[in-house]
Protein chains: 2
Amino acid sequence: METVTHFAQEGTLVSDRHTDVPTNAAIAPQPAPPATPLAEVAPDDSNSCQTVNEVLARIGDKWSMQVVMSLGRGPLRFNELRRRIEGISQRMLTRTLRGLERDGLVSRKVTPSVPPRVDYALSTMGMSLRDPVMALGGWAIEHRHAIAMARSAFDDAQEEG
Amino acid sequence: METVTHFAQEGTLVSDRHTDVPTNAAIAPQPAPPATPLAEVAPDDSNSCQTVNEVLARIGDKWSMQVVMSLGRGPLRFNELRRRIEGISQRMLTRTLRGLERDGLVSRKVTPSVPPRVDYALSTMGMSLRDPVMALGGWAIEHRHAIAMARSAFDDAQEEG
DNA sequence: CTGAATCCGTCAAGATACTG
DNA sequence: CAGTATCTTGACGGATTCAG
């Protein structure tokens, strides 16, 4: 799994990719999705855990989810995203967007003008990710207080130990 | 967020906690859960993103989710868990379990016998986490092929660039 | 404006060995 | 069996600088 956690290892993206326009042609319409019947893999066996963990490793990093959520309302430009996320460096935003684009979750559209304009948007698959993530978000919101309480109770028990 | 990503900073858990039995008394029955009405926070504003990201940071690490899923069927002892996860070091398993216990997701029951016996089990809250995670797992299973295809397409486009 | 390239500090993972 | 202690490593992320 660690082979997919990090992206393209810093400096391997040496190419002129930042000037070609229709990069998203490969991800925009997915003509025949393999469509695993979802019953082929029991949802709680270890195989599933593996797959879940890959996704978690993908979106569980510090920024990916914030990017996906920020893009949920509509396309944004690079610096719009940057301002909306507040705290991300442009390097991390670039890396995060590359990773999401690589996995087909985000499409990237370059308008070669001066100044250049790049719009990022969620792909269809990216949009579909919002639902399960919102479910998780609902869980988080419901239990955040219980978690905070358990956490301080645990920490108190540690100190007095 | 980075303040909750890592646990108790390596060596601060210096105490005799590994011999007291009823540690789970603080987390087992949550008498009056604060129960945020879930409409108090819009599910897609940035506040929600923040909370979601905390949860993601908590369970999105390399092992937590596998532990939760492995425990989903029932309690397990330390080495049973270790064998079931395959690849985790005992240190990481210990740390992961500590983190989950701290957040009230996992209960720990020590039987002071020789040899010692420690059973880990999901708390009520831990069980409730399984559903949204399974939803995410479903998404992962559905889209894993599309992701793999997008990924190799992207990588190919890089090399030929 | 939208990045890429580089340097660099920090911290978490993993291996190993030891303890009760 | 169920951990803890210690060390090493390298990935991650930030700041800065340069470029199209």
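What you see is a predicted model, and the numbers here were worked out from it, not measured in a lab. Each chain gets a letter, A, B and so on, in the order the sequences are listed, and its residues count up from 1.
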Estimate the overall bend of the helix from C:dC1-D:dG20 to C:dG20-D:dC1 from the end axes over five pairs each, rounded to 10 degrees.
40°

Side-chain donor-acceptor pair present, B:Ser152, B:Asp155, cut-off under 3.5 Å
no

Would you tell me if any nitrogen or oxygen in the side chain of B:Trp63 comes within less than 4.0 Å of OP1 or OP2 on C:dA12?
no

Rounded to the Å, how far apart are B:Leu97 CG and C:dA13 C1'?
16 Å

Atom pair CZ (A:Phe78) and CD (A:Gln90), whose distance is rounded to the nearest 0.5 Å
6.5 Å

Quick one: which protein N/O atoms are closer than 3.5 Å to N/O atoms of nucleotides 15-19 of chain C? Pair and distance per line, please.
from   : atom 1 : to      : atom 2 : distance (Å)
C:dA17 : N6     : B:Gln90 : NE2    : 3.2

Taking only the side-chain nitrogens and oxygens of A:Arg98, find out if one of them lies under 4.0 Å from OP1 or OP2 of C:dA4.
yes

Heavy-atom nearest pair, B:Ile59 first then A:Leu56, reads O-CD2, 3.8 Å

A:Asp119 CG - C:dC1 P separation (whole Å):
14 Å

Taking atom C1' of C:dG3 as reference, at what distance in whole Å does atom CD of A:Glu80 sit?
16 Å

Short question: side chain of A:Asn79, backbone of A:Arg82 - any donor-acceptor pair under 3.5 Å?
no

Check: A:Ser113 side chain, A:Pro115 main-chain N or O, donor-acceptor pair, under 3.5 Å
yes

Ignoring the backbone of A:Asn79, work out which of C:dT2, D:dC1, C:dG14 is nearest its side chain.
C:dT2

Under the 3.5 angstrom rule, does the side chain of B:Ser123 hit a backbone N or O of B:Gly104 as a donor-acceptor pair?
yes

So, does A:Lys62 get its side chain near the phosphate of D:dG14, meaning an N or O under 4.0 Å from OP1 or OP2?
yes

Take atom CE of B:Met92 and atom P of C:dA12, then tell me their distance rounded to the nearest Å.
10 Å

Whole-Å distance, A:Asp61 CG to D:dG14 C1', equals 15 Å

Report yes if a side-chain nitrogen or oxygen of A:Arg117 is closer than 4.0 Å to either non-bridging phosphate oxygen (OP1 or OP2) of C:dG3; otherwise report no.
no

Within the pair B:Tyr120 and D:dG3, is there a side-chain N or O less than 4.0 Å away from OP1 or OP2?
yes

Using side-chain contact (heavy atoms from CB on, under 4.5 Å) as the criterion, list what pairs up with A:Ala148, not counting sequence neighbours.
none

Could you state the CZ-C1' distance from B:Arg95 to C:dA12, rounded to the nearest angstrom?
7 Å

Where the side chain of A:Phe78 is defined as all heavy atoms beyond and including C-beta, which of C:dA13, C:dG3, D:dG3 is the nearest nucleotide?
C:dG3

What is the distance, to the nearest angstrom, from the NZ atom on A:Lys109 to the P atom on C:dG3?
15 Å

Hey, mind stepping through B:Asp103 and A:Arg151 against salt bridge (charged side-chain N to carboxylate O under 4.0 Å, His left out) and telling me if it holds?
CA-CA 5 Å; B:Asp103 286 355; A:Arg151 200 172 285 185; 2.7 Å; yes

Which of these nucleotides, D:dG14, D:dT4, C:dC1, is closest to any side-chain atom of A:Pro116?
C:dC1

Kindly point out which of C:dT2, C:dG3, D:dG3 is positioned nearest to the side chain of B:Arg108?
D:dG3

Provide the closest heavy-atom pair for B:Val55 versus A:Ala140 in the form atom of the first, atom of the second, distance.
CG2-CB, 2.8 Å

So, the side chain of A:Glu80 versus the backbone of A:Arg77: is there a donor-acceptor pair under 3.5 Å, distance only?
yes

Measure the distance from CG on A:Leu93 to C1' on C:dT2 and round it to the nearest whole Å.
10 Å

